[in-house]
Structure formats: C-alpha cells, structure tokens
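Heads up, the thing below is written out as structure tokens.
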Amino acid sequence: LASETWSASLDSLDISGNAVNETAVANLVNCSHLSGLKTLRLAERKLNKAAGETLLATSDPWPSITSLDLSNAELGSRRIEILLKWSPLEQLKQLSLRDNGVKYKQITPLLQQLLNIEWLDLSVNSVGGQPASNLKAGKPAPGVAAFQEMPHLAQLRWLSLSSTYLWPA
C-alpha cells in the first residue's frame with residue numbers, strides 16, 4: 001500500500017481477514033495517496049482495541065469514502081461510541097456493522113449520523129435490546145422505534161436486521 005505509483009488511483013480496498021493491528025491501521029489512515037478511497041473492507045477481522053480506536057480517532061482519512069465494511073470486527077460497545085463521532089459517517093451510502101456488539105441504545109445516534117445511507121447491515125447485534133422471548137406480543141423492541149423516527153431513511157434500499165431480537169415469537 002505504500003506504493004504511490006499504483007495506489008493513487010485505488011478507489012476500493014479490501015483487506016478483510018488480514019491481521020490489522022494498530023500500526024497497520026495507522027499506516028492505512030496516514031497514506032495520503034489513498035485519500036480517494038471510496039470503499040474500505042475490514043471485514044472478518046477482529047480489530048484489537050488500539051487498532052479500532054486508531055481507525056475511528058482519525059477525523060477524515062478518506063474524504064471520498066462512501067462504503068465501509070466492519071463486519072465481525074468486534075468493535076464492541078465502547079468503540080461503537082467512538083464510531084458515532086466519526087465524521088465520515090454522514091457521507092456513507094453503505095455500512096456493515098454485522099456482529100459488532102451494537103446495542104439498541106446506540107441505534108438512534110447511529111441512524112442520526114447516517115444521512116446518506118442506502119445499504120445497512122446491523123445483523124447479529126442487540127438492535128432490539130432484549131431477546132424476543134422477553135418482549136410483549138404485538139410490540140416491537142425499543143431499537144425498532146429508532147427506524148420509525150428517521151425520515152432521511154426513506155432512501156434506504158437494503159437493510160439487514162437478522163438475529164437482532166426485534167419482535168416476539
């Protein structure tokens with residue numbers, strides 16, 4: 001990635017499944033010739049605590065980014081809170097946070113930041129807030145209300161909420 005010769009025109013980077021530690025993330029966000037990056041996939045990689053915080057602490061490493069895949073990166077609740085303050089969220093059209101420990105209390109702040117989102121994967125998270133067996137029949141889980149309160153989600157074309165405890169059985 002350090003080669004400016006070929007990577008300057010790169011608009012999509014998939015490094016899923018690779019060892020991504022704090023140093024690797026720091027190198028990635030500091031590569032000025034990757035500033036045109038539109039798609040970044042870091043899926044299927046458990047980012048260690050420092051790597052996740054380094055990635056999310058960088059205010060705008062890729063001004064053109066519109067697609068981010070952090071599926072199964074094990075961000076956890078604390079780094080999700082940091083993600084909520086990450087400025088590129090507003091420009092994303094695609095975001096996958098599948099299996100990252102997103103809690104239902106974080107759904108409203110997350111959706112408020114996703115102003116241009118068209119494709120969203122929140123599957124295998126606690127979006128509903130509690131197991132379906134604990135919910136009252138006919139009433140959606142607390143996290144579902146957030147989707148109903150966001151008019152800008154009218155542009156959403158694809159949404160995955162599988163395994164998120166939304167409604168009672």
Side-chain angles (χ1 to χ4, degrees), residues 12-26 28-29 37-58 61-62 65-135 140-150 152-153 155-169:
S12 184
L13 178 61
D14 185 346
I15 52 176
S16 300
N18 286 292
V20 181
N21 60 23
E22 181 182 12
T23 303
V25 170
L28 183 64
V29 298
L37 208 58
K38 293 178 183 165
T39 300
L40 177 61
R41 289 184 40 102
L42 289 168
E44 305 306 321
R45 188 68 233 157
K46 293 167 179 57
L47 297 175
N48 67 31
K49 179 180 176 183
E53 290 180 7
T54 298
L55 173 67
L56 299 174
T58 308
W62 309 287
I65 197 161
T66 57
S67 179
L68 179 63
D69 186 350
L70 293 171
S71 301
N72 198 27
E74 289 192 1
L75 293 178
S77 187
R78 184 169 181 273
R79 285 184 293 282
I80 294 296
E81 290 296 325
I82 296 169
L83 175 69
L84 294 174
K85 298 173 184 150
W86 198 52
S87 60
L89 274 182
E90 293 180 359
Q91 66 202 38
L92 292 180
K93 291 183 179 186
Q94 295 185 347
L95 176 62
S96 180
L97 291 174
R98 176 184 177 85
D99 198 10
N100 265 296
V102 178
K103 305 293 184 214
Y104 80 95
K105 291 179 180 179
Q106 297 168 320
I107 294 300
T108 298
L110 176 65
L111 294 177
Q112 287 171 335
Q113 297 296 321
L114 298 173
L115 300 178
N116 293 298
I117 200 73
E118 296 174 1
W119 188 99
L120 181 60
D121 186 351
L122 292 172
S123 56
V124 196
N125 283 292
S126 295
V127 173
Q130 52 190 310
S133 59
N134 294 343
L135 298 172
V144 176
F147 289 90
Q148 299 165 342
E149 299 165 359
M150 304 288 163
H152 68 276
L153 293 180
Q155 70 224 15
L156 196 60
R157 300 291 173 243
W158 189 89
L159 175 64
S160 179
L161 296 172
S162 64
S163 301
T164 56
Y165 307 122
L166 294 180
W167 291 282

Distance, nearest 0.5 Å, that separates NE2 of His152 from CD of Gln112: 8.0 Å
Give me the atom names and distance for the closest heavy-atom approach of Pro109 to Gln106. CD-O, 3.3 Å
CZ (Arg79) and CG (Leu83) are apart, to the nearest 0.5 Å, by 11.0 Å
If every non-hydrogen atom of Gln155 is compared with every non-hydrogen atom of Leu115, which pair is closest and at what distance? NE2-O, 2.6 Å
Got Leu153 and Leu159 here, is their nearest side-chain heavy-atom distance under 4.5 Å? no
Do you know which two heavy atoms are closest between Leu92 and Leu95, and how far apart they sit? CD1-CD1, 4.0 Å
Least distance between heavy atoms, Leu110 atom then Leu97 atom: CD2-CD1, 4.0 Å
From Ser71, Ser160, Ser123, residue fulfilling side-chain hydrogen bond (donor to acceptor under 3.5 Å, both in side chains) relative to Arg98: Ser123
Measuring only between side-chain heavy atoms, which start at C-beta, is Leu13 closer than 4.5 Å to Trp62? no
Nearest 0.5 Å, please: how far is OG in Ser77 from NZ in Lys103? 6.0 Å
Distance from Lys105 atom NZ to Ile80 atom CD1, nearest 0.5 Å? 16.0 Å
Here the gap from Leu68 atom CG to Gln91 atom CD, rounded to the nearest 0.5 Å, amounts to 10.5 Å
Asn100 side chain to Leu75 main-chain N or O, any donor-acceptor pair under 3.5 Å? yes
Is there side-chain contact between Leu120 and Leu111, with at least one heavy-atom pair below 4.5 Å? yes
Aromatic plane relationship, Trp158 with Trp119 - under 30° parallel, 30 to 60° tilted, over 60° perpendicular: parallel
Separation between CD1 (Ile15) and CG (Asp69), nearest 0.5 Å, reads 11.5 Å
Ser67 and Gln94 have their tightest heavy-atom pair at OG-OE1, 3.1 Å
If we count only N and O atoms by modelled type, under 3.5 Å, do the side chains of Glu44 and Asn72 hold a donor and an acceptor together? yes
What are the two closest heavy atoms between Asn125 and Asp99, and how far apart are they? ND2-N, 3.6 Å
Test log, rule side-chain contact (heavy atoms from CB on, under 4.5 Å), inputs Leu70 and Leu55: CA-CA 11 Å; Leu70 293 171; Leu55 173 67; 4.1 Å; yes
